[in-house]
Amino acid sequence: MRPLSREGAILALGAVALFGAVAFHVRRGGLSFTDPEILTGYLLFAVLLGLALFAGRKRLPAIAVGRASLWMTLHLVAGLFALALFWLHSGILWPSGLYEQALAALFYFAVATGVLGYLLQRAVPVRLTRSGYEVIYERIPSELARLRAAAEEVVLTCVEETGNEPLAQHYHETLHWYFQKPRFFLSHAVGSMRAQHWLHHKSAAVERYL
């Protein structure tokens, strides 16, 4: 994983300093019997509102309001700050009341989806670079149809020129199913070699014959 940039480091230090100041105020408020939850509640609401702006920024790429990388770093730092602030505000990892539990569950779900999205944004481009073959998602069906047509043409040409049918039978039993739609989605997503092993296992016998 790439280290934080200078701007990211500044944002992270600023978030740590702000959280330290808020935590000190909460601690001092608890000793003086005041109500520090008001400050943490409004501050948490403001941070969540700022995080929601990132979704709007992604939906309006034509409006150049800062670099996308800076927004992503700000979103990451603010998300972690919001999680720490939520724990500081609630004073517990999991509340006891039903209403509070519902709010906590929604908040943790939002945090989990954010973490998953960040990990995918880091992992998927690397996977595409390693594969060396990138296709726009909407063009996958047409690209799959092109590969299927090319494979069927090779099989038909081989049968017509040689008169042998093992390759055609092999295609009908294995590759015909394989080319019907995208297969082994989860394996490709996590970088597994299951698809390659499956193809090699299915083709090993017919390759020796051919």
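The analysis underlying the following values was restricted to heavy atoms, covering all of them including side chains, and did not include hydrogens, waters or symmetry mates.
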Roughly how far, to the nearest 0.5 Å, is the CG atom of Leu116 from the OH atom of Tyr118?
-> 13.5 Å
How many angstroms lie between CG in Leu199 and NE2 in His201, if you round to the nearest 0.5 Å?
->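 Here the interatomic distance stands at 11.5 Å.
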Flag the pair [X] / [Y] as yes when at least one side-chain heavy-atom distance between them is below 4.5 Å, and no otherwise.
X	Y	value
Gln169	Glu173	yes
Phe19	Leu80	no
Leu13	Ile10	no

Extract all donor-acceptor atom pairs below 3.5 Å that involve side chains of residues 104-113 and protein atoms in other chains or at least two apart in sequence.
residue, atom, partner, partner atom, Å
Tyr108, OH, Trp87, NE1, 2.8
Tyr108, OH, Leu93, O, 2.5
Thr113, OG1, Phe109, O, 3.2
Thr113, OG1, Ala110, O, 2.7

Examine [X] and [Y] and state if one hydrophobic cluster contains both, with Ile, Leu, Val, Met, Phe, Trp and Tyr joined whenever side-chain heavy atoms are less than 4.5 Å apart.
X	Y	result
Ile92	Val22	no
Val115	Phe86	yes
Phe45	Leu74	no
Val16	Val26	no

Of all heavy-atom pairs between [X] and [Y], which one has the smallest distance, and what is that distance?
X	Y	answer
Val77	Ala15	CG1-CB, 3.6 Å
His89	Glu37	CE1-O, 3.2 Å
Val47	Ala78	CG1-O, 3.6 Å
His170	Ser203	NE2-OG, 3.5 Å
Leu44	Ala82	CD1-O, 3.6 Å

Reference residue Tyr171; test side chain to side chain contact (heavy atoms under 4.5 Å, CB included); the match among Thr174, Leu167, Leu175 = Leu175
With distance as the sole test, does Gln101 use its side chain to make a donor-acceptor pair with the main-chain N or O of Pro95 at under 3.5 Å?
-> yes
Look only at the side chain of Arg148 and the backbone of Phe179, and say whether a donor-acceptor pair between them is shorter than 3.5 Å.
->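 Such a contact is found between Arg148 side chain and Phe179 backbone.
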Could you go through the side chain to side chain contact (heavy atoms under 4.5 Å, CB included) check for Phe81 and Leu43 one step at a time?
-> CA-CA 11 Å; Phe81 178 73; Leu43 183 57; 4.2 Å; yes
Full working for side chain to side chain contact (heavy atoms under 4.5 Å, CB included) between Arg183 and Trp177 = CA-CA 9 Å; Arg183 305 290 184 180; Trp177 171 85; 3.3 Å; yes
Taking only distance into account, with no hydrogens and no angle test, what donor-acceptor pairs under 3.5 Å do side-chain atoms of residues 155-163 form with protein atoms, sequence neighbours excluded?
residue, atom, partner, partner atom, Å
Thr157, OG1, Glu153, O, 2.8
Thr162, OG1, Cys158, O, 2.6
Thr162, OG1, Asn164, N, 3.3

